[in-house]
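Since this is a predicted model, take the numbers as computed values, not measurements. Here, residue 1 is the first one in the sequence, and each next residue gets the next number. Note that ligands are numbered from 1 as they come in the structure, with each ligand's atoms numbered from 1 the same way.
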Amino acid sequence: MAPPTIIPGSASGPFAEALARETGALRLAVESKRFADGELYVRLLGPVGNHALVVQSTPTAESLIELILLQDAARESGAKHVTTVVPYFGYARQDRAFQPGEPLSARAVARAVGAGCDDVVTVDPHKPSLLSHFGVPARMVSAVPQIASVLKSWGVDTVLAPDKGARDRAEEAARLIGAGVDHLEKTRISSTEVVMKAKALDVRGKRVAIVDDLIASGGTMVTAAKHLKAQGAASVVAACTHGLFTGNALPRLLDGGIDRVLCTDTLLSGPCNCDVVSAAPAVAAALRAAAVAR
Ligand code: R5P
């Protein structure tokens, strides 16, 4: 079977490159510019073949529009099967109407993405329930094994989830490392601030990693680190799949009691002032498994 053709979106250049290395797939050049009124224009500069892999994270509305245009360009160029790889799927945190009148954004955006392709692969979505909204087969890939392997090499002996909802991910990391696991109890008070209930933790002298799906403002990690250091943790690593790092998140983390930051390359756009492990091998393995099943 001929390898698929990778169509990289501008939010996922380095990830698409890593995926091309892992899969042996050809990476198509894409012309991308703006019309005078600000609208996006894309054009695929080469043949697409039968199977196109559109690779684009969606941290912004612009990146989402670009993804939809690339899917359509792939179809127009004759692709019989379009797989959309969304390394980081934005809008996934609004997964229910928290107040009357709100949309279920995760579902609305997933439907829009699913309408333009035959299947979807995404990495560590905020909740697995996202997969049910695409209207086409969708698979999630976990980057926890990659993260755990780095944490193990750093000598981490305790893994914490920032809240109960994130506990499954932390438990999986702890199991792979052979470390202890617990969770904190977080309540969000604004987009950048959280509070955590006082909780006695067995962390004295321990090398702790807090494992979450994403870091945005860094508020969650910094608040957790404060509790952990106050209870005698020897070191605290902040680990996540998606390094959104909004505003001054990275300096905030490093000034706020976090000794080291680890994320994957799902949102990488250039050099990053933290440790990065690639999620591309895990996505490549999932694509291979799907090709065998088709
Ligand atoms: C929330 O439910 C997510 O899993 C993350 O814990 C959260 O988005 C992190 O945001 P921040 O870094 O701004 O605290």
With the criterion set at N/O pairs under 3.5 Å, what does the list of contacts between the protein and ligand 1 look like, atom names and distances included?
| from | atom 1 | to | atom 2 | distance (Å) |
| --- | --- | --- | --- | --- |
| ligand 1 | 4 (O) | Asp212 | OD1 | 3.3 |
| ligand 1 | 4 (O) | Asp213 | OD1 | 2.5 |
| ligand 1 | 6 (O) | Lys186 | NZ | 2.8 |
| ligand 1 | 6 (O) | Asp212 | OD2 | 2.5 |
| ligand 1 | 8 (O) | Arg93 | NH1 | 3.0 |
| ligand 1 | 10 (O) | Arg188 | NH2 | 3.2 |
| ligand 1 | 12 (O) | Ala216 | N | 2.8 |
| ligand 1 | 12 (O) | Ser217 | N | 3.2 |
| ligand 1 | 12 (O) | Gly218 | N | 2.8 |
| ligand 1 | 13 (O) | Ser217 | N | 2.8 |
| ligand 1 | 13 (O) | Ser217 | OG | 2.6 |
| ligand 1 | 14 (O) | Arg188 | NH2 | 3.0 |
| ligand 1 | 14 (O) | Thr220 | N | 2.9 |
| ligand 1 | 14 (O) | Thr220 | OG1 | 2.5 |

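- When only modelled atom types and interatomic distance are considered, Ser10 and Glu66 share a side-chain donor-acceptor pair under 3.5 Å.
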Item checked: Step-by-step side chain to side chain donor-acceptor pair (under 3.5 Å) determination, Ser63 to Thr60 -> CA-CA 5 Å; Ser63 52; Thr60 61; 2.9 Å; yes
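- The pair Lys33-Glu31 meets the salt-bridge criterion, with a side-chain N (NZ, NE, NH1 or NH2) lying under 4.0 Å from an Asp/Glu carboxylate O.
- Applying the side chain to side chain donor-acceptor pair (under 3.5 Å) test to Thr58 and every residue at least two apart in sequence or in another chain returns nothing.
- Atom CG of Leu69 and atom CD1 of Ile7 lie 12.0 Å apart (nearest 0.5 Å).
- Summarising the geometry, atom CH2 belonging to Trp154 is positioned 10.5 Å from atom CD1 belonging to Ile177; distances are rounded to the nearest 0.5 Å.
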